[in-house]
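In what follows, every chain begins at residue 1, and chains take the letters A, B, ... in the order their sequences are listed.
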Amino acid sequence: MAGKGESAGHNRVVSLVSAASELIEIKARLWNGYINVRILLYDYEDNESGPRSENARENTKKPKEFLCRIYRFSYLTLQLPNIIQYFQDFQPELAQRQLWFEYEGVPVKWNLPVGFLYDFLHLPSVVGDIEGSSGRSWTLVLRTQEYPSEYIIPFIYKNHDSAPDYDRCLKEVIVNQLKQSSFVLNGNSRSIMSLSETNSAKLWNSIKTHNLPVYESVNKKILPKDRAQRLPIKIYIPGTATIIQAPISPTKEDKTTSLRDVLETHLPHLFGPKNGNIAVPYIQGVDAGSLLDESLQTTWEIFKHLDNFLYIVVIPKN
Amino acid sequence: MYQLTNEIFNRYITDFNDLILDNLTYINTTSSTHGSINVLNNYVKSVTPTKCICYSCIELIAAKEDRKYLKIEFTISYSDFYSVPKLHFRMYNNMDQLLLDMDQWDEYNELLGMSPDNEEYKKDYTFTIETNELLNSTWMSIHPCETLEVVGQFAETSIMEDDKEKIKALKYLSSWFGTYGLTRIFPRISYRPTFSGV
């Protein structure tokens, strides 16, 4: 029969193991989370002088549509080969053009993770309509002309056949993002800069093929060995130009930093004892209200995107 | 090592902007294109309660018969992630076409002070095309992952211990502008400030 101390130790181990397996399950569920996306291609896109206005669009023939599931931990450009292949029958020139997506008239920034784009652009319109939104897809319009370079990053690299090299452009963006997050986490970008060619290729392929074990095995080499110096966090408020890019210390005066601390510091008009919480933070599509007092480090570890940034979308309550 | 913070940046960016306006010149040499630089627009503004941005729009005009023309917009802001100032820039031709691909710069080599074959330059400078988050639009920048260390070393030689806070900040910003600013990117543009009247 086990003694009292042994039993307490055993319980502690059981609870740690159970917490660890819960964590693994949460991470796996997040990793496999996806969004149903409906991509529309209008006929006028094939016509140089085609109509552009919303009204004109309504009057054109029914658009062609492509339905797909895109992982939250992914990027829109990774879907382009499938999208091009599907629509090419209708528009043979598609592969040569610089393609871009539009959501309700707004160009969609392909350099940001899909999960974040959905939360930032679409979630505000479905929050509070949970029943109605279940199973509803996110509709994007595929544009093939008038690339808005002023607003979204152009695809400057070309393949041998002069078609845009989407992969090279995305890879460069991800590497730059990783350099930035690595600098915040480690105090320098050496870990990503010194990544071997093999590991760099493995990392890129794991992102392309959505392979969690391989991604984690390489990303581990970029992340701090022990404690992060600061945590790379980005906070956005939909419908406004507010973007807070904050390197946050995981502890302050020996106290663990929480999500509440960050929101009260950076958005005192929306969070805090004075005003009450008049907004809701969303992380990976989840209402993060219940995480407000959890350690930010833990929240970052679980919910960070492929570029190692934690994206928080703050939606004011009606 | 001197450390510029966002607060210090906000406090002195207007003074630094004045220094830039007073000291930005176009370098003419006897053997090359004669040109001039004009400031079209310039301001410092707060874009959020804690973030300031300094915006400038300049034009470069070649005096010779080819009358080559370039418009360059640049902004200076403070990167909280890298703890250093950051320059964003973008160029337009006389048709107001945005030139984000370095291959499009070739015909302006002389005006910008680059060698006729700027392949070496292209290799040395890896510009990033990215979203300037404060303005929510596409700009070019030099990735600042080495800025903290490099500018810190340069600034150390010019900043004196008994310099006032303002002079320290302006010397640091000047060292940075010479290393990772406009003058470094475009060799024909010069910025040589003096701090005696500051």
One pair to check against side chain to side chain contact (heavy atoms under 4.5 Å, CB included): Asn136(B) and Lys109(A). What are the steps and the verdict?
CA-CA 10 Å; Asn136(B) 196 25; Lys109(A) 291 188 162 71; 2.7 Å; yes
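Nearest approach of Ile153(A) to Ile129(B), heavy atoms of both residues: CD1-O, 3.6 Å. Summarising the geometry of Lys234(A) relative to Glu133(B), their closest heavy-atom pair is NZ-OE2, 3.8 Å, with the distance given to 0.1 Å.
For chain A, no part of Leu135(B) is nearby; none of its heavy atoms comes within less than 4.5 Å. The part of Asn111(A) that comes within reach of chain B is its side chain, from C-beta onward, which places non-hydrogen atoms under 4.5 angstrom from that chain. Contacts of Tyr236(A) with chain B are made by side-chain atoms alone, with heavy-atom separations under 4.5 Å and no backbone atom involved. With a threshold of 4.5 angstrom between heavy atoms, Ile152(A) approaches chain B through N, CA, C or O but not through any side-chain atom. At a 4.5 Å heavy-atom cutoff, Ile192(A) makes no contact with chain B through either its backbone or its side chain.
Per-residue heavy-atom pair counts under 4.5 Å with chain B were compared for Ala246(A), Ser181(A), Gly187(A), Pro148(A), and the maximum is reached by Ala246(A).
Identified by a heavy-atom distance below 4.5 Å to chain A, the contributing residues of residues 94-101 of chain B are Leu98(B), Leu100(B), Asp101(B), in residue-number order. Residues of residues 157-165 of chain B lying under 4.5 angstrom from chain A, judged on non-hydrogen atoms, do not exist. Interface with chain A: from residues 76-88 of chain B, residues Asp80(B), Phe81(B), Tyr82(B), Ser83(B) qualify, criterion being any non-hydrogen pair under 4.5 Å.
Surrounding NZ of Lys317(A) are more than 12 heavy atoms belonging to other residues, nucleotides or ligands, all under 6.0 Å away. Applying the 6.0 Å contact sphere to CD of Gln98(A) captures more than 12 heavy atoms from other residues, nucleotides or ligands. Within 6.0 Å of atom CZ in Phe154(B), 12 or fewer heavy atoms from other residues, nucleotides or ligands are found, so the atom counts as exposed in its surroundings. Heavy atoms from other residues, nucleotides or ligands lying under 6.0 Å from CZ of Arg11(B) number more than 12.
To the nearest 0.5 Å, the span separating OH on Tyr151(A) from OG1 on Thr131(B) amounts to 8.0 Å. Put simply, OG1 on Thr48(B) and CD on Gln245(A) are 10.5 Å apart, with the number rounded to the nearest 0.5 Å. For the atom pair CD1 (Ile156(A)) and CD (Gln104(B)), the distance works out to 9.0 Å, reported to the nearest 0.5 Å. Atom CG of Asp103(B) and atom NZ of Lys158(A) lie 11.0 Å apart (nearest 0.5 Å).
Looking at Ser189(A) and His143(B), their side chains never come closer than 4.5 Å, going by heavy atoms from C-beta outward.
Residues meeting the salt bridge (Lys or Arg N to Asp or Glu O under 4.0 Å) test with Glu172(A), sequence neighbours left out: none.
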